[in-house]
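Written out below as structure tokens is the structure these notes cover.
Every chain is numbered from 1 and lettered A, B, ... according to where its sequence line falls, protein lines coming before strand lines. Heavy atoms only: backbone and side chains are in, while hydrogens, waters and symmetry mates are out.
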Amino acid sequence: MNAKPPAAVRAVDLVKAYGKVVAVDHIGFEVAAGSVTGLLGGNGAGKTTTIAMIMGLILPSAGRIEVLGHDIVAERHKVLHRMNFESPYIDMPHRLTVRQNLRVFGMLYGVADIDGRIADLAAELDLESLLERETGRLSAGQKTRVSLAKALVNAPELLLLDEPTASLDPDTADWIRTRLETYRAERGATILLASHNMPEVERLCDDVIMMKGGRIVDRGSPSGLVARYGRDTLEDVFLDVARGRALEPEKAPAS
Amino acid sequence: MKFEPLADPATAAASLRRIAAMVLRYWYLLRSSWPRLVELVYWPAVQMITWGFLQVSFVGHEGALARAGATFIGAVLLWDILFRGQIGFSVSFLEEMWARNMGNLMMSPLKPGEFIAALMVMSIVRLAIGFVPVTLLAICFFGFNLWGLGLALAAFFANLIFTSWSIGLVVSGLVLRNGLGAENLAWSLTFLLLPLSCVYYPVTTLPEWLQSVALLLPPTYVFEGLRAILLDGVFRGDLMLKAAGLNVVLFAAGLVAFFRLFAGARRAGTLLQLGE
């Protein structure tokens, strides 16, 4: 008998309201361990708020989130060392060199052999020539690679990514995606990815959660969603959802 | 799954390592920036020299004016412990805001209490870099040896640094909760203590109703204690104990304020939106 693997993330009836504005409206989902799950939606759909709640940076107004088996509100510090996060909207200290930044974060995450880990990451992410350079003087693509190295410094079981390839050129973005695929294949890590880049989601994700107005409006594999909406690409599906084009009743997801 | 075991984050050793990581992070920053290092010495030196010459100008005068003037250098040096201690705490905190690094830290295993401990260590490190050379300058320029106060200096320092941390905690909490719009408090809040804690004049100078406010502030007892030792040659342990008692209350209030504002920031979602 095949037991279902435990969920890496489990959100139950999750709500986040700022006064009268409801950013996340009674959503529930599970992210299977070892999967790559995409969180899709337009601006203001509630993706970043959802990810921030998973990290414990924002407290839910109601509902519950379990991350790697722990309640993220009550037991956040039992699990933070097993996860990590990367976003182009959060910087690393500019004046520190890449090596200094990775050393500091390695210490924060309790990495035993920091020098060895930095050497491994530098080799994997092509950072060897950048290690002694100040982080603030790097190009956007180089900074993204450094941020990814920081996000992988503790070899996280759960990796949260907020638009990891935003503002990167296609070559660098493809390079980043390949490294993420390699990391997932080698480690069996769980990745939760918020992105506006549909080809990226189609390539990386096993599962997609589509959000609009703080609610989950659909869910499925990229190919399953494309088939269900009778479209050619996930981008077309995204536009259907964003513009409120309803599915035929028999094709709509069970609520 | 292939995941290397990481250090148990709950142990005291892991906690100390995270504090050390943050201290190292600020040390790297200080080391990389000579303007930051110069700034630590510049203003304290200018202040001390200005007040030092003022004190010199009072030499030869008689009466209350001469007594007041005799404490200027000591008072300005102790004031700098209070002011620079708070600035050292707050600026290290603000460096994370300016670097847009707070999200990375808050999502790491670093606990708020460990962050505070690192800020306290850095406050002392930054203070030492500025304070020690200026006290040596005071000996060279004016023959005033603050270190000659011995144990009294240790008591003054301990009381002033705890007051500075208490203010730093409140300011940091306000910035976490309200964003960089509250940054100016880091530079201005401690100045409220300059007139109230009677840095350059005895507490009896204040109107009676304001004296009761001044006596609620730990630094008032420190500066009264300084005048007692410099003018009368008496170490007032009773004043230091009163200051310590008030500091316990003030520091506890600072911690409560910081943790409440931090929780408020998590509720309001401002930890990821740390702009103005």
Side-chain angles (χ1 to χ4, degrees), chain A residues 16 18 23 33-34 48-49 51-53 55-61 73 76-87 89-97 100-101 103-113 117 134-136 147 150-151 154-157 160 162 186-190, chain B residues 1-11 13-33 35-36 95-115 118 262-275:
Chain A
K16 183 62 197 178
Y18 301 104
T48 301
T49 302
I51 285 191
M53 284 194 283
M55 295 188 291
L57 290 182
I58 294 179
L59 293 174
S61 305
V73 174
R76 187 166 175 258
H77 286 284
K78 289 184 180 174
V79 74
L80 283 174
H81 66 302
R82 295 166 60 196
M83 54 199 285
N84 213 318
F85 172 63
E86 195 267 321
S87 165
Y89 308 113
I90 295 180
D91 284 346
M92 293 171 73
H94 289 195
R95 297 283 306 192
L96 271 60
T97 66
Q100 288 170 342
N101 266 319
R103 176 174 300 284
V104 168
F105 280 101
M107 288 173 74
L108 287 176
Y109 278 91
V111 175
D113 175 15
R117 186 68 188 141
E134 283 187 11
T135 308
S147 291
K150 173 254 146 189
N154 58 327
E157 291 167 62
L160 301 161
D162 188 12
E186 286 179 354
R187 302 275 178 168
T190 308
Chain B
M1 292 227 189
K2 298 167 244 177
F3 295 104
E4 293 100 356
L6 295 166
D8 180 354
T11 64
S15 184
L16 283 174
R17 197 169 186 235
R18 290 191 290 271
I19 294 169
M22 291 307 295
V23 172
L24 186 63
R25 175 259 188 279
Y26 296 123
W27 181 245
Y28 283 148
L29 182 67
L30 269 183
R31 221 177 54 176
S32 72
S33 171
R36 283 180 167 88
E95 293 281 5
E96 304 303 351
M97 306 287 289
W98 296 328
R100 295 171 67 220
N101 186 42
M102 198 61 82
N104 281 324
L105 294 180
M106 292 295 117
M107 136 106 232
S108 80
L110 180 72
K111 294 179 181 172
E114 294 160 354
F115 190 19
F262 179 68
R266 286 177 76 195
R267 272 193 302 277
T270 53
L271 287 180
L272 277 181
Q273 300 158 354
L274 291 169

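- Counting heavy atoms from C-beta on, the side chains of Leu29(B) and Arg95(A) come closer than 4.5 Å.
- A distance of 10.0 Å separates NZ in Lys111(B) from CG in Leu80(A), rounded to the nearest 0.5 Å.
- Nearest approach of Pro93(A) to Ala99(B), heavy atoms of both residues: CA-CB, 4.0 Å.
- Taking CG from Asn101(B) and CZ from Phe105(A), the interatomic distance works out to 4.5 Å, rounded to the nearest 0.5 Å.
- Of the listed residues Met55(A), Met83(A), Glu134(A), the one with more heavy-atom pairs under 4.5 angstrom with chain B than any other is Met55(A).
- Of the listed residues (Ala265(B), Ser33(B), Ala14(B)), the greatest number of heavy-atom pairs within a distance under 4.5 Å of chain A belongs to Ser33(B).
- The shortest non-hydrogen separation linking Pro109(B) to His77(A) is O-ND1, 3.5 Å.
- The NE2 atom of His81(A) sits 12.0 Å away from atom OG of Ser108(B), with the distance rounded to the nearest 0.5 Å.
- Interface remark: of the candidates Arg25(B), Glu96(B), Met106(B), Glu114(B), Arg25(B) forms the most heavy-atom pairs closer than 4.5 Å to chain A.
- Separating the CG atom in Leu160(A) from the CE atom in Met107(B) is a distance of 5.5 Å, to the nearest 0.5 Å.
- In this structure, Arg18(B) and Tyr109(A) have side chains that are not in contact, with every pair of non-hydrogen atoms separated by 4.5 Å or more.
- Residue contact with chain A, scored on non-hydrogen atoms closer than 4.5 Å, involves the backbone of Ala263(B) exclusively.
- Taking chain B as the reference chain and counting heavy-atom pairs below 4.5 Å, the highest number among Lys78(A), His94(A), Arg103(A), Arg76(A) is found for Arg76(A).
- Met92(A) and Asn104(B) get closest at one heavy-atom pair: CG-ND2, 3.7 Å.
- When Ile58(A), Asp91(A), Leu96(A) are compared by the number of non-hydrogen pairs under 4.5 Å with chain B, Asp91(A) comes out ahead.
- Taking all atoms of both residues into account, the shortest heavy-atom contact from Ala21(B) to Met107(A) is CB-CB, 3.4 Å.
- Side-chain atoms of Tyr28(B) and Val104(A), non-hydrogen and from C-beta on, do get closer than 4.5 Å to each other.
- Ser87(A) contributes atom OG, which lies 8.0 Å from atom CZ of Arg100(B) (distance to the nearest 0.5 angstrom).
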